[in-house]
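Inspection log for the structure reproduced underneath, given as structure tokens.
Chain A is the first sequence line, chain B the second, and so forth, proteins listed ahead of strands; every chain is numbered from 1. The shown structure was predicted, so the numbers you read here are calculated from the model rather than taken from an experiment.
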Amino acid sequence: MPSTTARRLPKTPSPDAGPDVRRVRQRLLKWYDAHHRRLPWRAEPGVAPKPYRVLVSEAMLQQTQVATVVPYFGRFMDALPTVRDLAGADEQAVLRLWQGLGYYRRARSLHAAAKVIVCDHGGVIPDNVADLLKLPGVGRYSAGAIASIAYGTRAPILDGNVARVLARLTLIEQPIDAPDTRKTLWRLAEELVPASRPGDFNQALMELGALICTKANPTCDACPLSGQCQARVVDRVASVPVPAKRKAPTLVHHHVIVMERAGRFLFEQRPATGLWANMWQLPTAEDLPAKANTSELSAWAADRSGLVLSDTQHVVAFTHQTTHRTIRFNVWHGLVTSGRLRRGAGRWRRLDQLNDLPLANPQRKAVAVLIKEDPQQHG
DNA sequence: AAGTCGGGGAG
DNA sequence: CTCCCAGACTT
């Protein structure tokens, strides 16, 4: 049977024929036009989006909520308004703009991508998925998002929001992260995205997931797709999607040893791989036992830096939570009395002059505690 | 297929 | 507390 004939038949579609593509497109775009949020990286209706703004926003938005990204995006664009500015910037400057946002590899990948764009693409961000996928930090989602939103290329996307919306729309009750589920969802996203306004359609799917088809307490009464939603028909919206399995975070202990000399404090850069890669920190021991004492801390500091400490004492403890770890921070303080700093072992800074060093959140917190404990010395 | 990589919003 | 968020990359 010719497919053109089959396509005209669905007056009464069979139950597993999939969603009514044209109706979903039309209703979703109409809803998006009426209800979408105005966001800093989003162009006004009828105005062409700026590809560089789309590129930067998509990097920041990976695994990060819109509300968190907004202030970072503004500061980033003010400091590095063009892809050439970004390509020419120091990596430390890029990391400083990213500090506090997390997943710092995104910043280094974005920086590397900008260099590729300038060197290999004449400073023009690619408009197709194949070339975008070659950029560091750009995977299938980001390539589809940039191609469709910035250039109107017909390309699908699949993120957490879209996966939830499509799983409910078509009643997928397999674990949402299973490989064959992902394959099915990508196929659905590909089938649904229209040739006209693919960027708005993709953003509409995400916007619906963020505002209406939320993980908890979805407002189906306000949903433009409620009439097409298979999960709603059988009253299983609340139980779809089936969540991915997750490991409990492991507990680890980090000892921060504050080394002070003449009102200045030693800072060191972390390795180029792993947690908080290339970020800076007060000297921090990650291999000492949870109940290490002052002499062990002093010995570790001497071994690490070549400097001898006296009057080492405990300052404060706090807990830092990430997705995969619970990190118990213990902060210690000692005065440098002798020794010579090992070559390349760090830099001395006043606590109120750290603007050039990108620090992850727990290190910023440790610094904040030190300033509060001893305000007259650093103010 | 499973692990790694942050931090915060929201329940 | 737990779960998830405009995911990418490594092993």
> A:V138 near the nucleic acid: base, sugar-phosphate alone, or nothing, with a heavy-atom cut-off under 4.0 Å?
Replying inline: sugar-phosphate
> Going 5' to 3' along nucleotides 4-11 of chain B, which nucleotides have protein heavy atoms under 4.0 Å from the base (write B), which only from the sugar-phosphate (write S), and which from neither (write -)?
Replying inline: BBBBBS--
> By salt bridge (charged side-chain N to carboxylate O under 4.0 Å, His left out), which residues pair with A:R38, not counting sequence neighbours?
Replying inline: A:E44
>> Considering every strand and a 4.0 Å limit on heavy-atom distances, what is the contact class for A:L110: base, sugar-phosphate, or nothing?
In response: nothing
> With ILVMFWY side chains joined below 4.5 Å, transitively, what does A:V129's cluster contain besides itself?
Replying inline: A:L133
> Looking at residues 181-193 of chain A, who's got a heavy atom less than 4.0 Å off DNA chain C?
Replying inline: none
>> Does anything in residues 141-151 of chain A come within less than 4.0 Å of DNA chain C? Heavy atoms only, and list the residues if so.
In response: A:Y141, A:S142
>> Holding to ring-ring contact (aromatic ring centres under 6.0 Å, His included), I want the full list of residues that pass it with A:H111, two or more places apart in sequence or in another chain.
In response: none
> Residues in salt bridge (charged side-chain N to carboxylate O under 4.0 Å, His left out) with A:E207, at least two apart?
Replying inline: A:R37, A:R42
>> I need the residues from residues 160-172 of chain A with at least one non-hydrogen atom less than 4.0 Å from DNA chain C; give them sorted by number, or say none.
In response: A:G160, A:N161, A:R164
> Does A:W300 have any ring-ring contact (aromatic ring centres under 6.0 Å, His included) partners at least two apart in sequence or in another chain, and if so, which?
Replying inline: none
Validation: residues 238-245 of chain A side-chain donor-acceptor distances under 3.5 Å, sequence neighbours left out:
residue: A:S239; atom: OG; partner: A:R236; partner atom: O; Å: 3.1

>> Once salt bridge (charged side-chain N to carboxylate O under 4.0 Å, His left out) is applied, do any residues pair with A:D78, and if so which ones, sequence neighbours excluded?
In response: none
> If you group Ile, Leu, Val, Met, Phe, Trp and Tyr whenever their side-chain heavy atoms sit less than 4.5 Å apart, what else falls in with A:V308?
Replying inline: none
